[in-house]
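When a ligand or atom number is given, it counts from 1 through the structure's own listing order. Numbering of residues begins at 1 and proceeds along the displayed sequence.
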Amino acid sequence: MIYPFPATAKKLGLYPVVDSVEWIARLLDAGVRTIQLRIKDQTEAAVENSIAEAVALGKRYQARLFINDYWRLAIKYNAYGVHLGQEDLDVADLDAIRHAGLRLGLSTHDDAELDRALALRPSYIALGHIFPTQTKQMPSDPQGLIELKRHITRLGDISTVAIGGISIARAPEVLACGVGSIAVVSAITQAADWRQATQTLLALAEPEPQFGTEPA
Ligand SMILES: Cc1ncc(COP(=O)(O)OP(=O)(O)O)c(N)n1
Ligand SMILES: Cc1nc(C(=O)O)sc1CCOP(=O)(O)O
Ligand SMILES: [Mg+2]
């Protein structure tokens with residue numbers, strides 16, 4: 001029997017994905033309460049301090065801080081959660097993450113990946129990439145809104161996150177598909193005015209109330 005990962009809010013709201021502790025600090029201060037530290041292709045030694053600081057900030061702001069990829073360090077510093085992609089799944093120790101009580105978010109890009117993710121009973125499922133993105137080279141085509149809606153319908157009560165090419169202009173149509181969260185990189189980090197962009201996206205995404213009111 002596969003035991004589920006701890007639940008998170010069904011609607012995680014605005015979910016910025018950023019590559020530094022500086023971004024984590026400024027976005028938590030701006031009111032963001034779901035966020036991911038995504039540092040790519042470094043040694044564990046090189047990212048350890050950043051992960052420790054990000055987790056401490058997440059706790060100080062009572063935010064949902066997910067660590068991308070570096071699941072061992074996420075366990076070591078007791079992060080709120082870990083985000084893993086399909087390739088990460090081939091090497092990560094999911095039992096260790098589950099036993100440590102961390103939430104797990106999983107990337108998916110098509111029905112086969114969705115089947116695999118569902119079987120693992122994660123805390124949320126990310127659906128990407130919805131639109132073309134300049135932030136990451138993607139091996140697949142964008143899924144678009146019709147596929148997003150189909151996946152959301154299939155996923156029912158599971159917490160869902162849409163990612164990939166989501167701008168302020170496109171956020172309303174993505175949210176209208178019923179997804180619980182919009183994950184964004186460039187819409188905030190490349191914005192002419194990141195504070196204004198963050199406030200606009202926070203208002204659009206309307207997250208649920210914070211800790212204490214969500215499922216254990
Ligand atoms: C919320 C969210 N969704 C998808 C991803 C992508 O994760 P992954 O497929 O593991 O790719 P990398 O981010 O590791 O390049 C994500 N990070 N966050
Ligand atoms: C990190 C990442 N993962 C994706 C996926 O589809 O799995 S798309 C993506 C990049 C998203 O950046 P932006 O908001 O700038 O398009
Ligand atoms: Mg990954």
From CG (Asp19) to OG1 (Thr135), nearest 0.5 Å: 10.0 Å
Under 4.5 Å side-chain linkage, directly or through intermediates, the cluster mates of Leu89: Phe5, Trp71, Ile75, Val82, Leu84, Leu94, Ile97, Leu102, Leu104, Leu106, Leu120
The Mg ion (ligand 3): protein N, O or S atoms that are less than 2.8 Å away, sorted by chain: Asp69 OD1, Asp88 OD2
Cation-pi geometry met for Arg98 and Tyr3 (6.0 Å, 45°): no
Atom 13 (O) of ligand 1: the protein heavy-atom neighbour that sits closest, reported with distance to 0.1 Å: Arg38 NE, 2.6 Å
Donor on one side chain, acceptor on other, Thr8 and Tyr80, under 3.5 Å: yes
Under 4.0 Å to a heavy atom of Gln36 - the qualifying atoms of ligand 1, by number: 1 (C), 2 (C), 16 (C), 17 (N), 18 (N)
Side chains of His151 and Gln143, donor plus acceptor under 3.5 Å: yes
Side-chain heavy atoms of Arg64 within contact of Ile35, under 4.5 Å: no
Residues Val174, Leu145; criterion side chain to side chain contact (heavy atoms under 4.5 Å, CB included); working and verdict: CA-CA 7 Å; Val174 175; Leu145 295 173; 4.0 Å; yes
Heavy-atom donor-acceptor pair, Lys59 side chain to Asn78 backbone, under 3.5 Å: yes
Any donor-acceptor N or O pair under 3.5 Å, side chains Tyr15, Tyr124: yes
Geometric N/O contact Leu84 with ligand 1, under 3.5 angstrom: no
Heteroatom distance test (Ser107, ligand 1): nitrogen or oxygen, under 3.5 angstrom: yes
Leu14 side chain near Ile188 side chain, heavy-atom distance below 4.5 Å: yes
Atoms of ligand 1, numbered as shown, that sit under 4.0 Å from any heavy atom of Ile163: 2 (C), 3 (N), 4 (C), 18 (N)
Arg154 side chain near Asp111 side chain, heavy-atom distance below 4.5 Å: yes
Element-labelled atoms of ligand 1 that are located less than 4.0 Å from some non-hydrogen atom of Gly85: 8 (P), 9 (O), 10 (O)
Where ligand 1 meets Ala126 - atom numbers and elements under 4.0 angstrom, heavy-atom basis: 3 (N)
Heavy-atom check, side chain of Leu28 versus side chain of Arg33, under 4.5 Å: yes
Close-range residues for ligand 2, whose non-hydrogen atoms fall below the 4.0 Å threshold: Arg38, His109, Gly128, His129, Thr133, Thr135, Lys136, Met138, Ile163, Gly164, Gly165, Val184, Val185, Ser186
Close approach of Tyr15 to ligand 1, heavy atoms, under 4.0 angstrom: yes
Pairwise salt bridge (charged side-chain N to carboxylate O under 4.0 Å, His left out) hits with a residue in residues 71-83, at least two apart: Glu44-Arg72, Glu48-Lys76
Check: Val18 and Ile24 side chains under 4.5 Å, non-hydrogen atoms: yes
Nitrogen or oxygen of Lys40 less than 3.5 angstrom from that of ligand 1: yes
Distance-only donor-acceptor check, side chains Gln86 and Arg116, under 3.5 Å: yes
Minimum-distance protein heavy atom relative to atom 11 (O) of ligand 1: Lys136 NZ, 2.6 Å
Heavy-atom side-chain contact between Asp157 and Lys10 under 4.5 Å: yes
Closest protein heavy atom (residue, atom, distance) for atom 2 (C) of ligand 1: His83 CE1, 3.3 Å
Atoms in ligand 1 flagged as close to Asp88, the criterion being non-hydrogen separation under 4.0 Å: 10 (O)
Ligand 1 to Gln86 polar contact by distance, N or O atoms, under 3.5 Å: no
Close-contact set for ligand 1 against Asn68 heavy atoms, below 4.0 Å: 12 (P), 13 (O), 14 (O), 17 (N)
